[in-house]
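These notes concern the structure reproduced below.
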Amino acid sequence: MKKKKREEKKELEDLPNVHGEVRMRLAPSPSGPMHLGQSRMAILNDEYVKRYGGILFLRIEDTNPHNILPEAYDMIPEDLEWLGVKVHKTIIQSDRFEIYYIYARKLLEMGKAYITTVPAEEWRKLKNEGKPTNDRDLPPEEHLERWDKMLNGDYDDGEAVYVVKTDLNHPNPAIRDWAAFRIIKDAEHPRVGNKYIVYPLMNFSVAIDDYELRLTHVLRGKDHLNNTYRQMYIYNYFGWKKPVYIHYGWVTMKDTILKTSTIKQGIKEGRYRGWDDPRLGTLRALAKRGIRPEAIRQYWIDVGLKSVDIEFSWDNLYAYNREIVDPLAKRYFFVWNPKEIEIKGVDKLVAQAPYHPSEDMGYRTYEFHDPIKVWVVDDEWSIIPDGSLLRLKDLCNIVKKGNEGEYAGNDLSVIKKGAKIIHWCPHNGLDMKIIMPDGKIYGGFTEPLVEKSVGETVQFERFGFCRVYKENGKLVGYFGHR
RNA sequence: GCUCCGGUAGUCUAGUCCGGCCAAGGAUAUCGGCCUUUCGAGCCGACGACCCGGGUUCAAAUCCCGGCCGGAGCACCA
């Protein structure tokens, strides 16, 4: 009840200029699976398309063959599905080269673009000085001829580049004439092979596709602001109606590993267990740790799309996740750094522990017969003074005597009198290790019944929420958060 | 250097467009209390912010000017 109230309260602001349905897009490049940072644009777009109705396109931007992880073509849709993002239509830019070429030719005919054979470095230098290259203002026929030569493969990598004219005196040097097509002969594209040698650059293909898809609204990071300005030249030259652009702020994620090149390298070198290594900021890693997509969604809704730069807060994300997971997670005991103790003075004990303190999930029951041995956490046990009365939660009270506990009844009122409560694990408990987000590993024992919760997120009492797996026949937990 | 964007508590956010109801609301974190056979959840309380300086005004977080600080872009990456 309470939760609902808050979730309803925090909503995204309305999108400006909505007339009927909206058409929006997600435009990831297939360099790896999706990470937390990218989930923001996916969620926000999805939220708006669901709110107003319309179409959400997934446009895979694979126009740089040097930076493609072939598996990512499948991983991205999987990640989106996990996130609960409803994609209506998927397009892949490498299917659309012919479309880009058509517009490229038109622009040349209009005299709004040129092909320069001036080396990159010199071209850049001239641009910064606001000067044209010696071939910029050649007649369109000449440039069309060069274009055909580019397509025919008459130039080698770097020998010619297709540039969109803007304004060489634009006060912002980032906006002046920008490259739109380059020649790549030295790489094979994972989808189209060697079919093309002239590759569009991001600003060109994006502008064309945004128009072709008749987008109404484009959400993108503030880092794309200058790209938006650049793309506007294309829209203006062709007289196209522009979508509404919204640039949201930069998110810094301290201590979070997101860079695909770093991850790829780490996996290769065996430092990471894979794309879902719990130390990573990929969605796969979060899923592994039992972070729910709804928590991620709520987090980004909470943040909204302001243009302020923000710092990502794991605490806030965990809080949303805890809210979702707490009422669902079964409770178990996990004893790390285990120490064996024997309970004396009783020959039969029955532990009946509820799976959940408030939800009705039933009980787990363990029966013990003399000799009764259990595992406790050594660092907890060792700081308890000899002779103290303490309680083994849901089992019994004992008085500590060295490495043994003298049975002291089952009267709960001792807690009120200040007896410390510790948790334990049956002596026939199962080996388990828990992997923390920083890579640390806790080894110990857990209750045999945890096997029934493989695949679920559970709470190890006084330890935290973990998702449980079975790897090579052994229980492994991935720590989510406290 | 040039161009652009932005600055509300530790973090995120509401309010800023259309100045007063904001001596600034919510979440999270932290601390304390209650409750509880978990150091979880719940309940109660505390802590804590309008970048600075001028100006306009009866009145400014909100409008204007200047400064300071932070960020982004200036790739034949996306």
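Here the structure is a predicted model, which is why all the values come from computation and not from measurement. Each chain gets a letter, A, B and so on, in the order its sequence line appears, and its residues count up from 1.
Taking atom NZ on A:Lys222 and atom C1' on B:C5, their separation rounds to 4 Å, with Å as the unit. Distance A:Tyr229 OH to B:C2 P: 18 Å, rounded to the nearest Å. Note: CZ (A:Arg220) to C1' (B:C5) measures 15 Å, nearest angstrom. Atom CH2 of A:Trp250 and atom P of B:C12 are 16 Å apart (whole Å). For A:Ile246 and B:C4, the CD1 to P distance is 21 Å, given to the nearest whole Å. Between the NZ atom of A:Lys259 and the P atom of B:C77 there is a distance of 16 Å, given to the nearest Å. In this structure, A:Asp223 atom CG and B:C74 atom C1' are separated by 14 Å, rounded to whole Å. Protein atom CG of A:Asn203 is 11 Å distant from nucleotide atom P of B:C77, rounded to whole Å.
Comparing A:Ile183 and A:Pro171 against RNA chain B, the residue whose closest nucleotide sits nearer the 5' end is A:Pro171. Of the two residues near RNA chain B, A:Ile415 and A:Ser313, the one whose nearest nucleotide lies more 5' is A:Ser313.
Under the salt bridge (Lys or Arg N to Asp or Glu O under 4.0 Å) rule, A:Asp177 has a single partner from A:Arg230, A:Lys165, A:Lys131, A:Arg136, which is A:Arg136. For the ring pair (Phe, Tyr, Trp, His ring centres under 6.0 Å) criterion with A:Trp147, the lone passing option out of A:Tyr103, A:Tyr101, A:Tyr155, A:Tyr114 is A:Tyr101.
A donor-acceptor pair under 3.5 Å is absent between the side-chain atoms of A:Lys330 and the main chain of A:Glu456, judged by distance alone.
Salt-bridge annotation for A:Asp315 and A:Arg482: absent, with no side-chain N of the basic residue lying under 4.0 Å from a carboxylate O of the acidic one.
Relative to the side chain of A:Val308, the nucleotides B:U13, B:C4, B:U38 differ in distance, and B:U13 lies closest. Closest approach to the A:Pro357 side chain among B:G40, B:G73, B:C77 is made by B:G40 (side chain taken as heavy atoms from C-beta onward). Of the listed nucleotides (B:G7, B:C12, B:C5), B:C12 has the atom at the smallest distance from the side chain of A:Asp302. Minimum atom distance to the side chain of A:Lys393 is reached by B:U37, of the listed B:U37, B:C74, B:C77. Listed nucleotides: B:C5, B:A78, B:G40. Nearest to the side chain of A:Ser29: B:A78. Side-chain atoms of A:Asp309 lie closest to B:G70 of the nucleotides B:G40, B:G70, B:A75. The side chain of A:Pro173 sits closest to B:G1 out of B:U13, B:G40, B:G1.
Distance noted for atom C1' between B:C12 and B:G7: 15 Å (whole Å). Nucleotides B:G33 and B:G15 have their C1' atoms positioned 32 Å apart, rounded to a whole Å. The separation of B:A24 from B:U13, taken at their C1' atoms, amounts to 13 Å, rounded to a whole angstrom. Comparing the C1' positions of B:A59 and B:G20 gives an interatomic distance of 6 Å, to the nearest angstrom. Comparing the same atom, C1', in B:G48 and in B:G10 gives a spacing of 9 Å after rounding to whole Å. Here, B:G32 and B:C39 have their C1' atoms 16 Å apart, quoted to the whole Å. Only the C1' atoms considered, B:U11 is 7 Å distant from B:A29, to the nearest whole Å. Between B:A14 and B:C68, the distance separating the two P atoms is 28 Å to the nearest Å.
Under the Watson-Crick or G-U wobble criterion, with both distances below 3.5 Å, B:A29 is left unpaired in every strand shown. Here B:U3 sits opposite B:A72 as a Watson-Crick or G-U wobble pair (both hydrogen-bonding atom distances under 3.5 Å). Using Watson-Crick or G-U wobble geometry with both donor-acceptor distances under 3.5 Å, B:G40 finds no partner in any strand shown.
Heavy atoms of A:Asn227 sit under 4.0 angstrom from at least one base atom. As judged by a 4.0 angstrom heavy-atom cut-off over every strand, A:Ala179 is placed among residues touching the sugar-phosphate backbone only. Across all strands shown, A:Leu201 has heavy atoms under 4.0 Å from sugar-phosphate atoms exclusively, and none from any base. Contacts of A:Asp394 with the nucleic acid, taken as non-hydrogen atoms under 4.0 Å apart, include base atoms. Base engagement by A:Gln459 is indicated by at least one non-hydrogen atom pair under 4.0 Å involving a base atom. Contacts of A:Glu380 with the nucleic acid, taken as non-hydrogen atoms under 4.0 Å apart, include base atoms. Within 4.0 Å of A:Arg482, counting heavy atoms only, lie sugar-phosphate atoms of the nucleic acid but no base atom. Using a 4.0 Å heavy-atom criterion, one finds that A:Lys416 contacts the sugar-phosphate atoms exclusively. Residue A:Pro28 is classed as having no contact, given no heavy-atom separation below 4.0 Å to the nucleic acid. Among the atoms of the strands shown, only primed sugar atoms or phosphate atoms (P, OP1, OP2) are found under 4.0 Å from some heavy atom of A:Thr63. Heavy atoms of A:Trp123 sit under 4.0 angstrom from primed sugar atoms or phosphate atoms, though from no base atom. Counting any heavy atom pair closer than 4.0 Å across all strands shown, A:His170 reaches no nucleic acid atom.
A ring-centre distance under 6.0 Å is found for A:Tyr442 and A:Phe463. Ring pair A:Tyr355/A:Tyr332: centre-to-centre distance below 6.0 Å. Note: A:Tyr318 and A:Phe465 fail the aromatic proximity criterion, with ring centroids not under 6.0 Å apart. Taking the ring centroids of A:Phe181 and A:Phe204, they lie under the 6.0 Å cut-off.
Annotation: cation-pi geometry satisfied between A:Lys127 and A:Trp123 (NZ/CZ under 6.0 angstrom from ring centroid, within 45° of ring axis).
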Between the protein and nucleotides 29-34 of chain B, list every N/O to N/O distance that falls short of 3.5 Å.
from, atom 1, to, atom 2, distance (Å)
B:A29, OP1, A:Arg322, NH1, 3.4

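In this structure, A:Leu80 CG and A:Met75 CE are separated by 13.0 Å, a value rounded to the nearest 0.5 Å.
OP1 or OP2 of B:A14 lies within a sub-4.0 Å distance of a side-chain N or O belonging to A:Lys306.
With a 6.0 Å radius and a threshold of 12 heavy atoms from other residues, nucleotides or ligands, A:Lys259 has its NZ atom at or below the threshold.
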